[in-house]
Structure formats: C-alpha cells, structure tokens
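Have a look at the structure below before the remarks.
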Number of protein chains: 2
Amino acid sequence: MKSIASTSEKILDIAQSLIVAGGYNGFSYADISAAIGIRKASIHHHFPTKAELVSVLVGRYRQQTETGLKSLREGISSPAEQLQAYVSYWHSCIRDASLPFCVCAMLASEMQMLPEDVASQVRGHFHSLAGWLASVLRAGTENGFFQLDKQPEEEAQILMASVHGAMLSARAFGDPGLFIAIVAPQIARLQAPD
Amino acid sequence: MKSIASTSEKILDIAQSLIVAGGYNGFSYADISAAIGIRKASIHHHFPTKAELVSVLVGRYRQQTETGLKSLREGISSPAEQLQAYVSYWHSCIRDASLPFCVCAMLASEMQMLPEDVASQVRGHFHSLAGWLASVLRAGTENGFFQLDKQPEEEAQILMASVHGAMLSARAFGDPGLFIAIVAPQIARLQAPD
DNA sequence: ATTTCTCTACCTACTAGTAGGAAGATAAAT
DNA sequence: ATTTATCTTCCTACTAGTAGGTAGAGAAAT
C-alpha cells in the first residue's frame, strides 16, 4: 500500500470530497486547483471536461465499492455480519467525516440535470448495490439467519432506501449517531427469531 | 382558489421547481428570468439575494407543509389513514412529476454549503415533520391501531428516512412506482395485528 | 405625489474550456 | 555516448459565457 498518489488520483480524491459536500454543481475546476496546488488548465489536461471527470470519478467509486462489497462477502461468513459490516462502514465514514455521504446518493438527487454518462453510472451503482444486498439477504434466508416478509429484491430496495435516507437525516440534523439509530432497527427486523 | 399569482409567488414557484430538479447551485436568476419573462434585475427587487430567496421559499414550503399535515390530522380520524394520506400525497407528486422530490430533502443533501439561514430552515422542517409523524404514531398506538417496536420518536425517524430514501431511489431508477413499493411495507409493518 | 414595480445597462467575479509553449523524462537513432 | 525526437505534465494567458448583484431611469399604481 504505497502512499504515492498520482496527480489525476489527487484530482479525483478532492473532486469526490467536493461532490459529497455540494454535488455536481457545487464545485469547480478552480476549487480543485486551489486544493491541490495545480493550475486549472492542468486539470483539463487530465480530464478534458467536467462531465468526463465526474464520469471517471463515479466509475472509480463503483469499482472501489464493488471490490469492498466483494471482500465483505468473502471475508465474512455470516450474512448478518456482512450486512452489519456494510452498515458499520458507513457509520464510521459519517462519524469521522471521511466520506459522510455516498457519492452516488448525492448525484442521484441531481439526476435530472446530470450529464447522461454520469446519470447512467449512478443508476448502475444503485443497481449493483441493490443486487449485492439482495444476494446477502437471499443467502441469509437460505441459511435461516434471516426471515423476510417480502422477496429479497424488495427487501434490498427497502434497506438501501433506509441507508440513504438515514445518511440524509444524519446530515440534516448534523448528528452522525442518527444514522445507526435509523439503520440498526431495520437490520434487526430481518433477523429470524432464534 | 384564485389563480392570480403575484410576481413574487411566480418567482418562488419556478425557483422551487428548479431547486427540486437541481438543488441550490442548480439554478440561477437567469433561469427564473427566462422561465417567467421578467428581467433578472426585477427578481432582485423582490428577493435581493439568492440566499434570501431560498430562505423565503423554504419558509413558504414549511408553512404549506404544516398546513397540509394539520389538515390531514383534522380531516382524517384514523392515524393509519393519516399516514397513508401523507404517503399518497408524495406518491402522486412523484407520479405526475408535479413535485417529484421534497425541497428540504434536496437541500439537506447540500447542507454543508448552504447559507446558514437556509440550513436552519431545513433542519426546522425535518424536525417538525418528524414531530408530526411521531404524534400520529403515538395516537395510533394509544388507540391500538399501531404496535411499535421502538419509541414513536424513533419510529418516526425511521419512517421519515424511508420516505426520503424512497424518493431518491425512485429518482435514481426513474421509476415512480418504486417509491410506494419501498414505503408501503414500512407502514404495513407498524400496523397492529387485528 | 409617492410608493411599487420593471426596465436598460452595467459591474465584478467566476464558469468551463482552449491555445501554445516550457521543462523534464524517456526512448530511438546516430 | 550523444544527439534527436516524442511524450507527459504543467504552465501562462486567454476566450466566451454566466454568476449574483447594482444604479438609476421610466412606468404604473396608490
């Protein structure tokens, strides 16, 4: 794990934190320029247009997420604990303000005015996250850990919405603890009586 | 119900629809100007600054919401149906795209870079909405309509997060039906067994 | 007659994006 | 080994357009 970060990665990193804070229209090349000490034009060398920058950024985010979720499924045996780990990840992100909001949740709220490239990336993220959650729920049901009222796919949508809604509430109230207070009962509800 | 809309109300109407579509940074005085056929400078006469415009807008939204929720509580006797009416309201808004997202949910996602006036208004809305939901849940519990796992206040937070998360999912997937598919089971879950 | 509204005309700061070149590293050709 | 050419990265300087906001004149309503 080297800490050498290429310029383009630094650009993506700061752009990501700016998007999480203020969305697509909430940041500019000048903001990135000021943050990493490089001229605006140099950013255009790495990412010709803003739409392309954000598209690459969301692509990277999706890949990181995919990798992270995959390693959760491989590293943790119990579906209940896989779900718990996913939620805990976001809980710490929100608590220490490292990534206090999902990039795609942020962009999804601006869906109507996003470049089509970015919009379809965001849809893709929502789709694969819902898919991961559904597969965890299905595995847990087959093993008797979970007892679901609805189909795994539908429960996954409900859970995903709760997580995103909880992020929003935590942000609105400025209270990181609210995230887990909302999400934890939603997970507990899925657990089969022992 | 008169259809005479003052200029300042027309400004607020179009600004609201623009905010719902793209957030605080997603619209400009020029956009409003083009939409209602008035010069930019004339908008500044009614609302000197953008922060003030949005602050008034959110104030009006809060008041409309307060009035609407109050009339639901007064016009409908059953708490379960009050809740249903609230959800149905949003379902139709999303379906016919008249107000396909809560103004305050939109702004909450941008909380970190909102003018303080606006931010506190948004917090206020979340607080009073959560309060309304909690009081409906409490009334329903006392009358035996609802059977809650947690305190009414906590269940209200969970429900509010589900509603906002469901709005986001519906928008992300471009599927209005997803809203009710997510929210309906969350309400059903609160119902006491007959 | 005064207040309310809308206008033209303008300002400064900032937006994304471009043109063209300089510095340095790398690779190829001599 | 040294020249030559190429590639990458970053720079200064610039463009056209848009941002929020202002000053002041002219209507319109009270």
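A, B, ... follow the sequence lines: proteins, then strands. Residue 1 opens every chain.
With sequence neighbours left out, the ring-ring contact (aromatic ring centres under 6.0 Å, His included) criterion links B/Y61 to B/H125. A search for side chain to side chain contact (heavy atoms under 4.5 Å, CB included) contacts involving B/S88 returns B/Q84, not counting sequence neighbours. Remark: A/Q147 pairs with A/A192, A/P193 by the side chain to side chain contact (heavy atoms under 4.5 Å, CB included) rule, at least two apart or across chains. Under the ring-ring contact (aromatic ring centres under 6.0 Å, His included) criterion, A/Y24 pairs with no residue, sequence neighbours left out. For A/T49, the side chain to side chain contact (heavy atoms under 4.5 Å, CB included) criterion is met by A/A51, A/E52, not counting sequence neighbours. Checked against side chain to side chain contact (heavy atoms under 4.5 Å, CB included), A/S77 has no partners two or more places apart in sequence or in another chain. A/H46 is linked by a ring-ring contact (aromatic ring centres under 6.0 Å, His included) to nothing, counting only residues two or more places apart in sequence or in another chain.
Sequence neighbours left out, the pairs with a member in residues 149-171 of chain A that pass ring pair (Phe, Tyr, Trp, His ring centres under 6.0 Å) are A/F126-A/H164.
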### Task
For each nucleotide in nucleotides 10-27 of chain C, reading 5' to 3', give B when a protein heavy atom comes within less than 4.0 Å of its base, S when such contact involves only the sugar-phosphate, and - otherwise.
-----SBBBB--------
So which protein N/O to nucleotides 25-30 of chain D N/O distances come out below 3.5 Å?
none

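Looking at residues 110-121 of chain A, you'll see that no heavy atom sits under 4.0 Å from any atom of DNA chain D.
The phosphate of C/dT6 has neither OP1 nor OP2 within less than 4.0 Å of any side-chain N or O from B/H45. The side chain of A/H46 places an N or O atom within less than 4.0 Å of a non-bridging phosphate oxygen (OP1 or OP2) of D/dC10.
Taking atom CD1 on A/I36 and atom P on D/dT9, their separation rounds to 13 Å, with Å as the unit.
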Donor-acceptor list for residues 172-185 of chain A side chains, cut-off 3.5 Å, not counting sequence neighbours:
{"from": "A/D175", "atom 1": "OD1", "to": "A/G177", "atom 2": "N", "distance (Å)": "3.0"}

